[in-house]
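Working notes, structure below.
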Amino acid sequence: MENILLLFTSELPCWDYETVRIAGEDPEGLEPLVEAGDLAKIGGGYVLTAQGVRTREETAKELYLPVTPAGEIITDASKAAELLGLNVMAQYLDRAFVTDWGIKEVTVSEMFPIMPCLEDNEYFAFEGERVKAVWPEHEDVKKFLADFPNVGVAARKFPAPGQKALDEWAGRNNLSYGSLTVDFVLRSRADFNHYKNYEQLPSDKFKFLDADELFVKKVSGRPEELLPFIGKLHIFLMEQRRIFLPGWFDIDHDENEDWHLLAFVTDNEEQLENLTMTLRKWGHDLIDPANPLFILGTSIERLRNQKEQKRNMYDWFQEEAVRIMRPDGEDGE
C-alpha cells in the first residue's frame, strides 16, 4: 500500500483499479487506504485526502525518497473524472512501447511558454472546407522572423539567442507570454549512451537536443477546438528552431532527422475515425508551416486492445497508430 500512495502526484492525482494495475501495483490496496482515511472515492477514481498527503510525505521520508508535491486536494467530481481520464491515457501510452537502447522521458500536463502568443482565432481560418494557416502572416510573427532569421543547419555557426534574447524581444515589442499545456509529452532518446557524450547546449531550455518528441492531447470536444492548440504548437516549434536550438532541433549530432509527432487521443475508434476524416479534409496547413511535423491518432479503446508492447516509438506509430497527416504524404494517407 505504501507504493500506491507514492503514485499520487500533482501531475497524476487521480487513480483507479485500472491505472494502478498498469503501473505495476496491486489495486486491492486502494480500499484499505480509503478505510484508513488516506484516500477518498470521487469521480470514478481515488484521490488523496489531507491525511493522505501527510501519510504520503511520511512514507517517502521513511523510504528515503524525495518528497515531491502532492498538489491540491481534489474535491470536484468532474475535475477528478477528467484527471482520471488523463491518467488512463498516460498509463496506456507509456505501456504501448519501450525504448531499446535508449530512455523515455515522460511528463504529464507540461506547460510551455508561447511567444508570440496570438488570439485563438488568429492561427487558422477556414476557406470553404479547407483550413488555412494565417499565423505566419501575423504582424508579431513577421517581426519575430525578421529579428531571429537564423534557422536550419546553417544556423549552427551562430550563437543561439536563448531565453534572455526572447525575453528582451518580448519586452521591446510590449508582448506578454501565453502558454500551451500538453497532456502527455515524451522525449525519446534512442541510443542514449552514445548521444550523452556530445556537448550539451546551454540554450536548450526544454531539453530537446538529440531527442524525438511526442506531443499528445486528449480530445474531448469538437475538432474546431483543437485549432488554437495546433497553432500554439506551431509557434512553440518555431521558437525551438530559431531561439533555443537553431540548427539542432530537426537534425541531431549524428545528422539524423529528429521526429516531431503530434498525437490526438479519443475515447473510442468511432471518434478516432471521425476526427481523422475531419483533419484530413481540413488539409496540410495543419502541419506545413511547422514541418517536419506528423499528426497521429489513437484511442483509449485501441490502446487497451494492443496485444504486445512495441520495441520503440517508431514501431508503435507505424504499426498501432493512425497516421493522419505526414509531411511527405497527401491528404488522406
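Heavy atoms only: backbone and side chains are in, while hydrogens, waters and symmetry mates are out. Throughout, residue positions are numbered sequentially from 1 according to the sequence presented.
Distance alone, capped at 3.5 Å, places no donor-acceptor pair between the Arg311 side chain and the Phe97 backbone. Remark: the backbone N or O of Glu320 is paired with a side-chain donor or acceptor of Arg302 at under 3.5 angstrom. With hydrogens and angles ignored, the 3.5 Å screen pairs no side-chain donor or acceptor of Glu122 with any backbone N or O of His138.
Partners of Glu57 by salt bridge (charged side-chain N to carboxylate O under 4.0 Å, His left out), not counting sequence neighbours: none found. For Lys207, there are no side chain to side chain donor-acceptor pair (under 3.5 Å) partners at least two apart in sequence or on another chain. Legend: residues meeting side chain to side chain contact (heavy atoms under 4.5 Å, CB included) with Arg21, ordered by chain and number and at least two apart, are Tyr17, Pro27. Gln91 is linked by a side chain to side chain contact (heavy atoms under 4.5 Å, CB included) to Leu12, Trp15, Thr19, Ile22, Ala23, Asn87, counting only residues two or more places apart in sequence or in another chain. With sequence neighbours left out, the ring-ring contact (aromatic ring centres under 6.0 Å, His included) criterion links His234 to Phe124, Trp135. In this view, Phe317 and Trp259 satisfy the ring-ring contact (aromatic ring centres under 6.0 Å, His included) rule, not counting sequence neighbours. Qualifying side chain to side chain donor-acceptor pair (under 3.5 Å) partners for Asp38, counting only residues two or more places apart in sequence or in other chains: Gln51, Thr55. Remark: Arg54 pairs with no residue by the side chain to side chain donor-acceptor pair (under 3.5 Å) rule, at least two apart or across chains. In this view, Asp288 and His284, Asn291 satisfy the side chain to side chain donor-acceptor pair (under 3.5 Å) rule, not counting sequence neighbours. In terms of the salt bridge (charged side-chain N to carboxylate O under 4.0 Å, His left out) criterion, Lys61 has no residue partners (sequence neighbours excluded). Thr181 meets the side chain to side chain contact (heavy atoms under 4.5 Å, CB included) test with Ser109, Met111; sequence neighbours excluded. With sequence neighbours left out, the side chain to side chain contact (heavy atoms under 4.5 Å, CB included) criterion links Glu273 to Met277.
A cation-pi contact links Lys217 to Phe229, judged by a cut-off of 6.0 Å to the six-membered ring centre and 45° from its axis.
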Are Asp147 and Trp169 close enough, and set up right, to give a side chain to side chain contact (heavy atoms under 4.5 Å, CB included), and what steps lead you there? CA-CA 8 Å; Asp147 290 342; Trp169 183 85; 2.8 Å; yes
